[in-house]
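Here's the structure, in structure tokens; my notes come after.
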Protein chains: 2
Amino acid sequence: MPFLLLIEDDDAIRTGLELGLSRQGHRVVAAATGEDGLKLLKEQRPDLIVLDVMLPGIDGFEVCRRIRRTDQLPIILLTARSDDIDVVVGLESGADDYVIKPVQPRVLDARIRAVLRRGERDSTDSAAFGSIVIDRSAMTVTKDGQDLQLTPTELRLLLELSRRPGQALSRQQLLRLVWEHDYLGDSRLVDACVQRLRAKIEDVPSSPTLIRTVRGVGYRLDTPQ
Amino acid sequence: MPFLLLIEDDDAIRTGLELGLSRQGHRVVAAATGEDGLKLLKEQRPDLIVLDVMLPGIDGFEVCRRIRRTDQLPIILLTARSDDIDVVVGLESGADDYVIKPVQPRVLDARIRAVLRRGERDSTDSAAFGSIVIDRSAMTVTKDGQDLQLTPTELRLLLELSRRPGQALSRQQLLRLVWEHDYLGDSRLVDACVQRLRAKIEDVPSSPTLIRTVRGVGYRLDTPQ
DNA sequence: GCCGAGTGTCACAGAGCCGTCACAGAGGAA
DNA sequence: TTCCTCTGTGACGGCTCTGTGACACTCGGC
């Protein structure tokens with residue numbers, strides 16, 4: 001399920017899109033200002049951002065640029081038809097697509113899926129971490145050339161970690177990305193899965209070099225040198 | 001020199017692309033409607049088709065599907081940014097790539113060359129997987145030289161898998177590609193067809209080496225060794 | 001060293017996924 | 001019509017996976 005961050009100051013439009021996009025099968029969090037949006041971005045790590053151009057405070061273009069300084073995640077700009085804006089400025093600030101308001105949720109949904117699809121295709125199909133090679137299209141993982149038998153959950157976990165190498169992900173974030181739920185009580189769910197994954201991909205599972213524990217936070221996938 | 005068929009109803013865009021692509025070193029024939037395009041396709045046998053989605057009469061998706069019924073030649077879809085379409089549908093109707101208008105001839109050229117390169121590698125008229133040989137123009141499959149009697153559905157399934165060797169395809173994707181519908185409840189439709197196909201092409205159907213199960217995802221056609 | 005919070009580990013039972021099968025309806029040929 | 005093949009369905013069983021909770025362990029602060 002795609003996980004979206006919607007940044008839009010107009011209450012009516014924001015609520016409408018939030019509802020509409022949820023019905024189209026997305027999980028949506030929303031912010032009314034650029035500042036709030038950037039904050040939510042860091043906390044929640046969405047898959048894609050839908051970003052209004054005309055915002056109080058820092059505007060959409062600026063938000064876009066700031067995101068692009070550190071992040072490659074896809075951005076769709078929302079612009080009012082009456083805005084006499086230069087599409088080039090928008091695209092140069094790093095947006096992936098443009099949608100003109102008013103927009104039907106299902107239209108926006110189609111654009112979102114298109115952009116996500118493009119992203120999937122553009123992202124390299126394989127990644128390497130030490131002796132581990134992940135082939136995203138074959139959905140296989142090999143260690144020193146040998147095929148590893150990962151279970152679906154282990155694979156999803158590794159894929160999500162590998163999409164953000166070197167970045168610490170909290171248990172909460174992993175839960176959302178891999179299990180698509182929101183609430184982790186104090187179960188050892190994530191830890192247990194990490195343990196099983198380590199058992200398969202680490203040379204010495206008890207002192208892992210790939211999936212590192214970040215105490216007080218969660219886990220991080222490193223490329224050992 | 002790549003030989004292209006361009007199907008696009010807008011005169012200005014068609015002429016512009018025709019000229020631009022010629023300058024990039026392609027030979028181009030153009031048609032303004034799907035019907036004309038299909039006629040030209042038969043007469044001229046181009047290497048690749050650039051196909052607009054929004055066409056008067058039969059639309060691009062339908063043209064794409066009709067071509068795919070008999071032909072494996074590469075197709076690039078052209079879609080207007082404002083088109084209310086789901087690009088995923090386009091790729092699943094059998095296209096190899098898509099490009100969003102407006103597009104610079106040199107960008108389109110790059111995509112064309114990429115698709116053709118990909119094509120050279122794997123869309124020859126026959127393909128071999130272990131002892132299985134698929135002849136796409138004769139629509140026959142042989143195992144150790146012996147003709148196999150595949151049913152139409154089994155054949156389509158094998159063809160779709162073989163167009164993407166080594167790539168895991170979900171049941172959902174296979175359903176769209178082979179059966180052309182959208183909803184898989186929790187029926188065992190895909191599995192049953194895979195089972196029947198395995199019974200014919202695998203040496204030991206109960207431990208398949210060609211059509212591998214990707215647990216939690218779907219299936220993948222491998223070339224053993 | 002002691003303590004508490006955070007993390008690693010494990011076994012187990014239930015859930016989920018997949019292979020398999022029989023069957024019935026559709027469709028085509030004679 | 002009858003016969004035959006093909007195809008989709010749903011039930012079933014087996015096996016794998018996975019979440020849980022208990023317990024052990026580690027780390028860092030005091």
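Proteins come first, then strands; the chains are lettered A, B, ... in the order of their sequence lines, and each starts at number 1.
- Atom CZ of B:Arg220 is separated from atom CG of B:Leu161 by 11.0 Å, given to the nearest 0.5 angstrom.
- When each of A:Gly218 and B:Pro205 is assigned the nucleotide of DNA chain C bearing its nearest heavy atom, the one mapping closer to the 5' terminus is A:Gly218.
- Counting any heavy atom pair closer than 4.0 Å across all strands shown, B:Val178 reaches no nucleic acid atom.
- At a non-hydrogen distance threshold of 4.0 Å, B:Gln195, B:Arg196, B:Arg198 from residues 195-203 of chain B come into contact with DNA chain C.
- Taking 4.0 angstrom as the limit, B:Thr213 places a side-chain polar atom (N or O) nearer than this to OP1 or OP2 of C:dG19.
- Using a 4.0 Å cut-off between charged nitrogen and carboxylate oxygen, B:Glu43 and B:Lys39 do not count as a salt-bridge pair.
- Ion pairing between B:Arg66 and B:Glu62 holds under the 4.0 Å rule for side-chain N and carboxylate O.
- Rounding to whole angstrom units, CG of residue B:Asp191 and P of D:dG14 are separated by 18 Å.
- A heavy atom closer than 4.0 Å to some atom of DNA chain D occurs in B:Thr151, B:Pro152, B:Thr153, these being the qualifying members of residues 147-156 of chain B.
- Considering all non-hydrogen atoms of both residues, A:Tyr219 and A:Arg171 come closest at OH-NH2, 3.3 Å.
- Within 6.0 Å of CD in A:Gln146 there are 12 or fewer heavy atoms belonging to other residues, nucleotides or ligands.
- Closest approach of A:Arg14 to A:Asp11, counting heavy atoms only: NH2-OD1, 2.9 Å.
- Side-chain atoms of A:Thr213 and A:Arg198 include a donor-acceptor pair closer than 3.5 Å.
- Neither OP1 nor OP2 of C:dG19 sits under 4.0 Å from any side-chain N or O of B:Ser206.
- Between A:Tyr219 and C:dG6 there is no side-chain N or O to OP1 or OP2 distance below 4.0 Å.
- A:Lys200 approaches A:Gln149 most closely through the heavy-atom pair NZ-O, 2.8 Å.
- In this structure, A:Leu189 atom CG and D:dT20 atom C1' are separated by 9 Å, rounded to whole Å.
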Any N/O pairs under 3.5 Å between the protein and nucleotides 15-17 of chain C? List them or say none.
none

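- Nearest heavy-atom pair, B:Val178 versus B:Arg156, reported as atom, atom and distance to 0.1 Å: O-NE, 3.1 Å.
- For the atom pair A:Ile132 CD1 and A:Ser162 OG, the distance stands at 11.5 Å (nearest 0.5 Å).
- For the pair A:Trp179 CH2 and D:dT20 C1', the computed distance is 13 Å after rounding to whole Å.
- Between the CZ atom of B:Arg212 and the C1' atom of C:dC18 there is a distance of 15 Å, rounded to whole Å.
- Here A:His26 contributes atom NE2 and A:Ile112 contributes atom CD1; the two are 4.5 Å apart, rounded to the nearest 0.5 Å.
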